[in-house]
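What follows is one structure encoded as structure tokens, with my remarks underneath.
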Amino acid sequence: MRLHAGVDPLDPLATARLGITLRGLRKVEQLLRERFGPEFEGMSTTEVNKRWVEEVTAPKLCRLMEMAELVDPSDVARPAYFLSHAWANKAARLFKFVFEHLANASDSTAVWLDILCVNQHEETLAHRHDVNAFSGVVQACSAGTIVILDSEACSPATRCWCLFEWAHTLAAHGLDGLHMHLSAEDRAKVFGSINVEEAECFKEEDKAMILSEIKQHHTSYELFDASLKLQLLLEPLSYSVDLRRLLQRADEMGTQWRFKGVGEWLDSDSRLLCISAGAGEGKSTISAALCSSTELSGCVTAHHFIKYNDARRLEVVRVVKSFAFQLAKRLPAVREHLLQLDVARVSQLSDMDEAFKLLLLQPLQLWEQRKTDVLRERVVLLLDALDEADPISPKVAPNLPQTCPKVCGNRTLQLLTTHLRLLPGSVRFLVTTRPDAAAGQVLPCLDRTFPGSVTRLQPSALRGTGGGVGSGSSPVEGGVMVYHTAAAAGKSSPYTQLKRAPQLQDVYDLYGAVFRSAAHERVGNSSQLAGRVADLLAVTMAAKEPLSQAFLQQLGFADALRLLPGHPQLFFVDEHRLFMFHKSL
């Protein structure tokens with residue numbers, strides 16, 4: 001029997017480094033099917049562990065992931081995802097769930113599965129180390145935790161260890177890191193079964209430890225239960241990638257913020273603050289900064305970042321649900337109202353008017369009635385990039401049929417002007433947009449919707465002096481901010497040495513320089529490589545949503561990603577999908 005080299009069985013965190021690739025996990029499933037035949041379909045994870053894992057690892061008392069004859073060394077990698085599941089449920093369904101959930105991931109994506117990565121021999125010191133390392137493993141899995149919500153035998157929400165894993169995921173990665181995908185029927189079952197104090201655990205001492213940690217991280221058992229239930233109820237959108245990348249760019253540029261104008265608006269009677277400017281002038285970066293501002297603590301209560309190339313961000317019911325989720329986290333009255341709703345009804349909402357009344361209007365009216373400090377308590381809803389909710393321009397997609405006039409085609413603008421404006425007066429709005437949105441009618445439309453109650457600011461009024469790109473590639477302040485980030489992809493280009501504030505045409509010139517440089521340095525004289533990169537660019541531009549790595553792999557483009565012009569600045573992979581860093585590209 002061969003063990004993987006370099007693995008110390010007594011290292012308390014050794015198990016955190018023993019993820020298995022999806023390729024390797026498929027091989028393990030195949031081994032199980034060959035060993036047990038049709039019987040495997042009905043076997044629980046407990047049975048698989050007892051009748052296979054413990055048996056094959058018994059001679060060396062090791063982890064299965066350490067056995068080179070069963071798991072190829074090339075399939076052992078640091079895990080991106082932690083797999084949370086109930087051992088009483090079927091192992092075959094566990095494998096099926098993982099492969100379906102990670103259908104967009106490449107075969108090299110690694111996951112952490114306890115029956116493979118934990119030493120299952122309780123008499124060993126390695127077993128105790130592995131069990132004690134669970135919280136460290138959850139934190140090490142940077143992409144978060146996938147919850148195997150198979151409730152055929154039992155709901156994982158009724159198992160204390162599963163809730164412990166969820167609690168540590170929430171503490172380490174936030175709600176964006178807890179991946180729950182299930183049917184409407186299972187959703188209602190799990191929602192009703194969440195009660196951490198009543199959850200089952202084989203050992204009482206384990207349950208006492210788990211409850212203590214949950215209370216430490218989430219203040220109370222009730223708030224922990226509520227967080228999980230709200231996510232199941234509302235399925236909120238994730239904005240963590242937007243916030244992280246936008247704030248990182250601002251930090252790299254050394255941007256200094258001056259939010260005095262926003263503070264003055266908050267102290268005024270104006271109901272809407274509009275930050276308008278052209279492409280690439282930093283509107284979304286300002287939105288991200290306001291969401292995380294310590295200078296204006298609590299300035300933004302709930303936010304939504306619109307993306308023209310992400311269909312989920314353009315669905316107004318998803319916008320309403322995401323707002324409702326964030327409000328419920330902050331406002332007890334809203335949380336109380338939402339947790340009383342029928343899960344099946346909420347999951348089937350498709351009408352903007354019904355969703356608005358049920359999830360925003362009614363709970364915020366209840367909040368308004370219960371307010372104790374009428375003057376100081378307020379809600380601010382942020383909508384970033386209203387212009388990106390416009391239908392695709394005929395100039396961009398000449399072959400797509402135009403189903404409605406552009407002015408009335410912006411559904412998010414409609415949500416604001418016909419529904420959100422009906423919320424209680426203490427609910428205020430902060431929007432960013434290009435002035436040419438809605439066929440140039442976005443600003444007049446806002447003025448008509450909130451007569452005499454609109455304040456306007458320019459991005460330049462919210463940025464202080466100092467900054468520029470951290471690398472020193474641009475000594476000039478102001479202008480189109482996106483230029484400075486793009487400059488990192490063209491370090492040797494003369495376009496990165498501007499002596500004035502960059503304009504949009506400078507950004508386009510910079511893109512051109514990056515593409516020419518890529519043609520020379522990355523592709524060279526190979527017409528075959530040039531053709532593949534050109535095809536990949538064409539596919540990327542034609543797509544209506546960011547393409548998955550798995551799909552690109554099927555098309556034969558997986559190894560061409562690194563050849564894209566400006567990769568990994570202008571084109572990058574995040575959450576298993578290929579993105580462009582800015583709409584101007």
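Side-chain atoms are counted along with the backbone in the values below, which use heavy atoms only and exclude waters and symmetry mates.
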TODO: Show your working on side chain to side chain contact (heavy atoms under 4.5 Å, CB included) between W367 and L327 and close with a plain yes or no.
DONE: CA-CA 10 Å; W367 165 76; L327 291 170; over 6 Å; no
Would you call the rings of H168 and F164 parallel, tilted or perpendicular, taking 30° and 60° as the class edges? perpendicular
dist I214:CD1 -> W166:CH2 (nearest 0.5 Å) comes out at 10.5 Å
- Using modelled atom types only, decide if a donor and an acceptor are shared between the side chain of H173 and the backbone of V138 within a distance under 3.5 Å. yes
Looking at side-chain heavy atoms only, is the closest gap between I275 and P459 below 4.5 Å? yes
message: Given 3.5 Å as the limit, does a donor-acceptor pair link the side chain of D390 with the main chain of A438, or not?
response: yes
For S453 and S270 the tightest heavy-atom approach is O-OG, 3.1 Å
Report yes if some heavy atom in the side chain of L423 is under 4.5 Å from a heavy atom in the side chain of L360; otherwise report no.
-> yes
Output yes when a side-chain donor or acceptor of D384 lies under 3.5 Å from a complementary backbone atom of H303, and no otherwise.
-> no
| said: side chain to side chain contact (heavy atoms under 4.5 Å, CB included) for V431 and L272? Distances and angles first, verdict last. | reply: CA-CA 8 Å; V431 304; L272 182 139; 4.1 Å; yes
Give a yes or no on whether the backbone of A250 and the side-chain of T255 come within a donor-acceptor separation of less than 3.5 Å. yes
On a heavy-atom basis, the closest approach of W265 and T455 is CD1-OG1, 3.5 Å
Only residue of D342, L338, L228 satisfying side-chain contact (heavy atoms from CB on, under 4.5 Å) with L233 is L338
Quiz prompt | Close side-chain approach of D353 to H419, heavy-atom, < 4.5 Å | solution = yes
**Prompt:** Taking the side chain as C-beta and beyond, is there a heavy-atom pair between L416 and T449 under 4.5 Å?
**Reply:** no
Output yes when a side-chain donor or acceptor of R271 lies under 3.5 Å from a complementary backbone atom of V427, and no otherwise. yes
Smallest heavy-atom separation, T412 atom then A389 atom, equals OG1-CB, 3.5 Å
(Q) A side-chain contact here means heavy atoms from C-beta on lying under 4.5 Å apart; do S268 and R428 qualify? (A) yes
- Between W112 and F82, what is the ring plane arrangement, given parallel below 30°, perpendicular above 60°, and tilted in between? parallel
Aromatic ring pairing F224/H218, orientation class (parallel under 30°, perpendicular over 60°, tilted between) = tilted
>> Using modelled atom types and a 3.5 Å cut-off, is there a donor and acceptor pairing between side-chain atoms of S276 and backbone atoms of T433?
In response: no
Value for CG (D447) from SG (C445), rounded to nearest 0.5 Å, stands at 9.0 Å
Distance col, row Q414:CD vs L420:CG, nearest 0.5 angstrom, shows 12.0 Å
* Decide side chain to side chain contact (heavy atoms under 4.5 Å, CB included) for L462 and L290; before the verdict, give the C-alpha distance in whole Å, the side-chain angles of both, and the deciding distance to 0.1 Å. => CA-CA 10 Å; L462 302 175; L290 286 170; 5.5 Å; no
Would you call S293 and F259 a side-chain contact if the rule is heavy atoms closer than 4.5 Å? yes
Does some side-chain heavy atom of P502 sit less than 4.5 Å from a side-chain heavy atom of H484?
-> yes
Give a yes or no on whether a salt bridge exists between R312 and E545, defined as a side-chain N under 4.0 angstrom from a carboxylate O.
no
| query | Passes side chain to side chain contact (heavy atoms under 4.5 Å, CB included), L415 versus L383? Steps please. | reply | CA-CA 11 Å; L415 173 66; L383 282 167; 5.8 Å; no
Note to self: Does any part of the side chain of S227, heavy atoms only, come nearer than 4.5 Å to the side chain of Q231, both counted from C-beta?
What the structure shows: no
Lys/Arg N to Asp/Glu carboxylate O, K357 vs E354, below 4.0 Å
no
Tightest non-hydrogen contact, residues S584 and V507, listed as OG-CG1, 4.2 Å
Whether E213 side chain and A167 backbone form a donor-acceptor pair below 3.5 Å | no
* Main-chain N/O of R335 paired with K329 side-chain donor or acceptor, under 3.5 Å -> no
Name each donor-acceptor pair under 3.5 Å that joins a side chain in residues 315-325 to protein atoms two or more places apart or in another chain, with its distance.
residue : atom : partner : partner atom : Å
K321    : NZ   : V346    : O            : 3.0
S322    : OG   : L237    : N            : 2.9
S322    : OG   : R318    : O            : 2.9

P332 and R330 have their tightest heavy-atom pair at CD-O, 3.6 Å
Is the number of heavy atoms from other residues, nucleotides or ligands within 6.0 Å of CZ (R78) greater than 12? no
>> Hydrogens and angles aside, do Q505 and D509 bring a side-chain donor and acceptor to less than 3.5 Å of each other?
In response: yes
| task | Indicate whether any N or O donor in one side chain lies under 3.5 Å from an N or O acceptor in the other, for E377 and S426. | result | no
*Where the side chain of D225 meets the backbone of V196, is there a donor-acceptor pair that is under 3.5 Å apart?*
yes
R187 side chain to L232 main-chain N or O, any donor-acceptor pair under 3.5 Å?
yes
Geometric cation-pi criterion, R245 with F572: 6.0 Å, 45°
yes
Minimal heavy-atom distance between L243 and C291, with the atoms involved, is CD2-CB, 4.2 Å
request  = Please indicate whether Q139 has more than 12 foreign heavy atoms, meaning atoms of other residues, nucleotides or ligands, lying under 6.0 Å from its CD.
outcome  = no
Output for pair (L361 CG, L366 CG), nearest 0.5 Å, gives 11.5 Å
To the nearest 0.5 Å, atom OG of S220 lies from atom CD of E197 at 9.0 Å
Here the gap from D251 atom CG to L246 atom CG, rounded to the nearest 0.5 Å, amounts to 12.5 Å
Test side-chain contact (heavy atoms from CB on, under 4.5 Å), reference E388, set R434, K583, R313, output is K583
In V343, V190, L339, the residue satisfying side-chain contact (heavy atoms from CB on, under 4.5 Å) with K229 is L339
